[in-house]
2 protein chains.
Amino acid sequence: MPSKSTSSSAKAEETGTRILEAALALFREVGFDAASMRDIAVKAQVATGAAYYYYPSKEAMVLDFYERSCVDMEPKLAEALEGAKGLEARLRAVLQVKLAHFGPNRSVLRALLRNGADPKYALSPFSTETKAIRDIDLDWYQKILLDCGIRIPKDLEAELPGVLWFFQMGVIFFWVIDDSAGQKRTAQLLELAVKSVVTLIKAAGLPLMRPLRKTALELIEVVKGE
Amino acid sequence: MPSKSTSSSAKAEETGTRILEAALALFREVGFDAASMRDIAVKAQVATGAAYYYYPSKEAMVLDFYERSCVDMEPKLAEALEGAKGLEARLRAVLQVKLAHFGPNRSVLRALLRNGADPKYALSPFSTETKAIRDIDLDWYQKILLDCGIRIPKDLEAELPGVLWFFQMGVIFFWVIDDSAGQKRTAQLLELAVKSVVTLIKAAGLPLMRPLRKTALELIEVVKGE
């Protein structure tokens, strides 16, 4: 009975989405720590057992939120990049899409900042659990470097998407803890940081910079590990 | 009765130290979160009320540990810097003294990494509560830049100690989460990162780098805020 199976899987997906949305709403209202699985289930109008069936933990919900965000941002990124010429504009576009997407849940991300720097913590951007998401981001950074109008030194090429990803995490981190009205300090930072990074990439191609580039590449190897 | 008062304040200080040492030992054994004030008091052989008299919270203990570390490291830093010629050697010396000093409590620092990136958290290196400690560090970085053999551009001079401090936090962070044997990855990172930073500072003085330096200085202003 394929039609029934399709409809029940559609229903399952709808329930999953409802639980996730209830969870995010509750995280925003009372904070990630204070929200219990039971309260999330009540808010989503499902039994607690059902909530656990969909998500073994609150952390699993956040991971799912991250993963869905990747999918949801795909068309937004593609659209923003269409009008963006050159690396500086592209980098700015990618970051602006991300901040806008995560905007409604900035307070949730702030709570998750805790442990975020520790790769052992599942929800850390550096963890094994978030590797798939990281890889999608890396693909985007690889894409915006293509024909970006800057000559990228050969030895830097493979590492640059990772460097830009790391840079992205820095900007997001600053934004998460930015208490200025409308996060206007982040807007200023974004403008200047993107400019600095692009100027640095340009400078990295200068013959004069070769020794520094070599050292920086060795450093990147150490940071990446294995 | 000055002699009595001196001896009782010496005793009070001894008790304070004993409580702090018991706390650090317990943090290492069971972790910062699991350690209770009551257990700390038992380990220090004082009443729980006495522990609270000395320290209102576990966070206050860690702050005191940070402050005492500053004092304790003073002669070690002075000694290490005596033999260190040039900025690269000086920077390496400062960082090596710090990592060696905090070595026995690396696991405690790892637990504190949680929230560490959030300036609102008292134990964060970016918090109001840790400003005095930050200022002592900044003084050291100012000191090692004096007659370091590199011409520092005038406009960068006032900001460079802060940049080096930020760099220090990056190295310490890497070390705290470094699970390699004997933290040998940190040793590699330290070598390469110090070299990169010093090369960058040298490059920053080149006329060619002036526009990037201007942008970077604006960026620093935004990050510092107010």
Legend entry - B:Asp178 versus chain A, the contacting section by heavy-atom distance below 4.5 Å: neither
Inset, instruction - Pick one of side chain, backbone, both or neither for B:Ala193, based on which atoms fall under 4.5 Å of a heavy atom in chain A. - result: both
Inset, instruction - Return the minimal non-hydrogen interatomic distance between B:Leu212 and A:Ser196, and the atom names on each side. - result: CD1-O, 3.7 Å
Inset, instruction - State, to 0.1 Å, how close A:Val222 and B:Arg185 come at their nearest heavy-atom pair, and which atoms those are. - result: O-NH2, 2.8 Å
Legend entry - Residue-level interface, residues 150-163 of chain A with chain B, non-hydrogen cut-off under 4.5 Å: none
Inset, instruction - Can you tell which part of B:Phe173 gets under 4.5 Å to a heavy atom of chain A, answering side chain, backbone, both or neither? - result: side chain
Inset, instruction - For atom CZ of A:Arg68, decide whether the heavy atoms of other residues, nucleotides or ligands shown that lie under 6.0 angstrom number more than 12. - result: yes
Legend entry - Side-chain heavy-atom pair A:Leu192, B:Glu221 within 4.5 angstrom cut-off: no
Inset, instruction - Please look at B:Val223 and chain A and tell me whether the side chain, the backbone, both or neither of the residue comes under 4.5 angstrom of a heavy atom of that chain. - result: both
Inset, instruction - Drop me the distance from B:Glu218's CD to A:Glu191's CD, to the nearest 0.5 angstrom. - result: 10.5 Å
Inset, instruction - Assess whether atom CD of A:Glu79 is packed by more than 12 heavy atoms of other residues, nucleotides or ligands within 6.0 Å. - result: no
Inset, instruction - Count the heavy atoms belonging to other residues, nucleotides or ligands that lie under 6.0 Å from CZ of B:Arg210, then report whether that count exceeds 12. - result: no
Legend entry - Neighbour count >12 (heavy atoms, 6.0 Å) for atom CG, B:Asp179: yes
Inset, instruction - Determine whether more than 12 heavy atoms belonging to other residues, nucleotides or ligands lie under 6.0 Å from atom NZ of B:Lys195. - result: no
Legend entry - Pick from B:Leu200, B:Thr199, B:Leu189 with the largest number of heavy-atom pairs that fall under 4.5 Å of chain A: B:Leu189
Inset, instruction - Determine whether more than 12 heavy atoms belonging to other residues, nucleotides or ligands lie under 6.0 Å from atom CG of A:Asp147. - result: no
Legend entry - Structural part of B:Ile177 lying under 4.5 Å from a heavy atom of chain A: side chain
